[in-house]
A.B. asks: 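Have a look at the structure that comes next, please.
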Amino acid sequence: MSRSYVIKPELGKTYPFISHGKGIYLYDKDGKRYIDGCGGAVTASIGHGVEEIADAMYQQAKEVSFAYRSHFSSDAVEELGAKLAEWAPGSLNWTFFVSSGSEATETAQKIAIQYWQEKGKPTKNRIISRWMSYHGITMGALSMSGHVLRRKRFAPLLEDYPTITGPYPYRRPEGMSLETYALECANELERAILRIGAEQVAAFIAEPVIGASGGAVVPPDGYFQRIREICDKYEVLFIADEVMTGVGRTGKAFGIDHWGVVPDLMTLGKGMSAGYTPMAATMVSDEIIETISQGSGLIMAGHTYSANPQSAAVSLAVLRYVEKNQLFDKAAEQGAYLLARLQELADELPLIGEARGLGLLCGLEFVKDKQTKEPFPLSQGVASKVIAKAFEKGLLIYPAMGGIDGVAGDSIIVSPPLTITKAEIDELIGLLKEAIVSVSQELKDKALIN
Ligand code: PMP
């Protein structure tokens, strides 16, 4: 094909064409093999080419693919809702289906605001979020996100939402214990609520483990417990954005389960359909649905493709596959192994300041100086260089950044399918090591590191 009519991420770049995938591997049309070390965008969590998902897709398509949610419900969507209610903590029993993570977080925002309106508290309509966060690209979701590079162009149009800093243990004040740091960070929420006025605040949104804006940054124990207390004290809803962490990625059903905290709303995406169809969801507590049921009785949200039987059947097949193959447990076990292997790289190689993660959501942060933790200037694009080198060698990894102040900070996410074996992790680590060694040699040659 000589000319492309497709708008791609980088307009001037030529991309290889995908041919097929099997397990953790993807193959391009030139026959090159790649380890999908990040499940694309932390998405392909059951691996590629799983036949029973293709079968479920075909079965549903033979019956009916699309029936509009204003006209019909379907077995697939009801069973999917029931499965999610079974997995979700507390009374998060209700699901509103959408097609992307951005739609899920924006829907959560709207339901939170609507809830307070129906409770007779219409001034509670601001959402507090954290500067180290990414909740999506649509205007409402971006308003809640602190990812500076993604906000910058549209900043004047965005609501001024993010107000607090997220916990970032690697860069906590020198000498401060993790326990104290957890409380210090969480108490920032209380100060923000007091400053804005609890009567103005509808909800607080946070990723249980920070993904794209930090690179698998895990909060210290105690942080989310204190967040829950503060939300309860000031009547602020807590939205856990589980788009990246949900459905087993961190070794439990949902990331927030690691701290035994029950959110009021929860968003899902990515692993919910493992890339087999666009599918995402906003989960809501009994209390919120009962309030809205007794009030207007109508949730003001939704899209054409919300709750379509085709996507629901595919997502249901994915969740059943996850359950049948005990992928929550596998993610915990293989995640511990992956993190240990990444830690070895961090000990052995220059550039790596920290290896971190939870389950199979792991990350590396690159620094110029391991002692002082000085980051590389963004202009040097160190993470991008490692990602490009890994790609060349047949390994896909995901960029993350902005950990330090929303702009500086170079990190990557390593998040292979939850089905990965130890031998495959070793293969992944081998390629990653080659890529990092090669980039550090290049930086040494240019005298950019010692
Ligand atoms: N929330 C989180 C935590 C995410 O990681 C992402 C995607 N990286 C989104 C929301 C947005 O999801 P989508 O790209 O499917 O709109």
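We count ligands from 1, going down the list as the structure has it; atoms in each ligand are counted the same way.
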A.B. asks: Can you label the angle between the Phe204 ring and the Phe238 ring as parallel, tilted or perpendicular, going by 30° and 60°?
C.D. replies: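 Ring orientation, 0 to 90° scale: parallel.
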A.B. asks: Please work out which of Glu242, His135, Glu103, Met279 has its closest non-hydrogen atom nearest to atom 10 (C) of ligand 1.
C.D. replies: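 Shortest heavy-atom distance from atom 10 (C) of ligand 1: His135.
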A.B. asks: Quick one: is the NZ or CZ of Lys422 closer than 6.0 Å to the six-membered ring centre of Tyr337, and within 45° of its axis?
C.D. replies: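 Relative to the ring axis of Tyr337, which defines the angle, Lys422 lies inside both limits.
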A.B. asks: Go through it in stages, so that I can follow the logic: the residues are Glu118 and Thr291, the test is side chain to side chain donor-acceptor pair (under 3.5 Å), and I'd like the CA-CA distance, side-chain angles, deciding distance and then a yes or no.
C.D. replies: CA-CA 7 Å; Glu118 309 243 11; Thr291 302; over 6 Å; no
A.B. asks: Would you check the N or O atoms of Gly101, main chain and side chain alike, for any that come under 3.5 Å of an N or O of ligand 1?
C.D. replies: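 Min N/O separation from ligand 1 is below 3.5 Å for Gly101.
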A.B. asks: Which residue holds the protein heavy atom closest to atom 2 (C) of ligand 1, what is that atom called, and what is the gap in Å?
C.D. replies: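 Among all protein heavy atoms, the one nearest atom 2 (C) of ligand 1 is Tyr134 O, 3.2 Å.
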A.B. asks: For the pair Glu188 and Arg195, find out whether any cationic side-chain nitrogen is under 4.0 Å from an anionic carboxylate oxygen.
C.D. replies: no
A.B. asks: Identify, by atom number and element, the atoms of ligand 1 in contact range of Glu207, meaning under 4.0 Å from any of its heavy atoms.
C.D. replies: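 Close to Glu207: 3 (C).
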A.B. asks: Nearest non-hydrogen contact with atom 7 (C) of ligand 1 belongs to which option: Met244, Met144, Lys270?
C.D. replies: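 Shortest heavy-atom distance from atom 7 (C) of ligand 1: Lys270.
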A.B. asks: Does NZ or CZ of Arg150 lie under 6.0 Å from the centre of the six-membered ring of Tyr134, at an angle within 45° of the ring axis?
C.D. replies: yes
A.B. asks: In terms of residue, atom name and distance, what is the protein heavy atom nearest to atom 1 (N) of ligand 1?
C.D. replies: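 Answer for atom 1 (N) of ligand 1: Asp241 OD2, 2.7 Å.
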A.B. asks: Is any side-chain heavy atom of Ile412 closer than 4.5 Å to a side-chain heavy atom of Glu365?
C.D. replies: no
A.B. asks: Ile137 near ligand 1, heavy-atom distance under 4.0 Å?
C.D. replies: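 Ile137: no contact with ligand 1 (<4.0 Å).
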A.B. asks: Under 4.0 Å from any heavy atom of Ser100, which atoms of ligand 1 are there?
C.D. replies: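 With Ser100 as reference, the close atoms of ligand 1 come out as 15 (O), 16 (O).
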A.B. asks: Nearest to atom 11 (C) of ligand 1 by heavy atom, Gly211, Gly246, Ser102: which?
C.D. replies: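 Minimum heavy-atom distance to atom 11 (C) of ligand 1 goes to Ser102.
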A.B. asks: Give the residue, atom name and distance (to 0.1 Å) of the protein heavy atom nearest atom 9 (C) of ligand 1.
C.D. replies: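 Residue, atom and distance for the closest contact: Val243 CG1, 3.8 Å.
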A.B. asks: Within 45° of the axis and under 6.0 Å from the centre of the six-membered ring of Tyr27, does NZ or CZ of Lys22 qualify?
C.D. replies: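 So Lys22 doesn't make the cation-pi contact.
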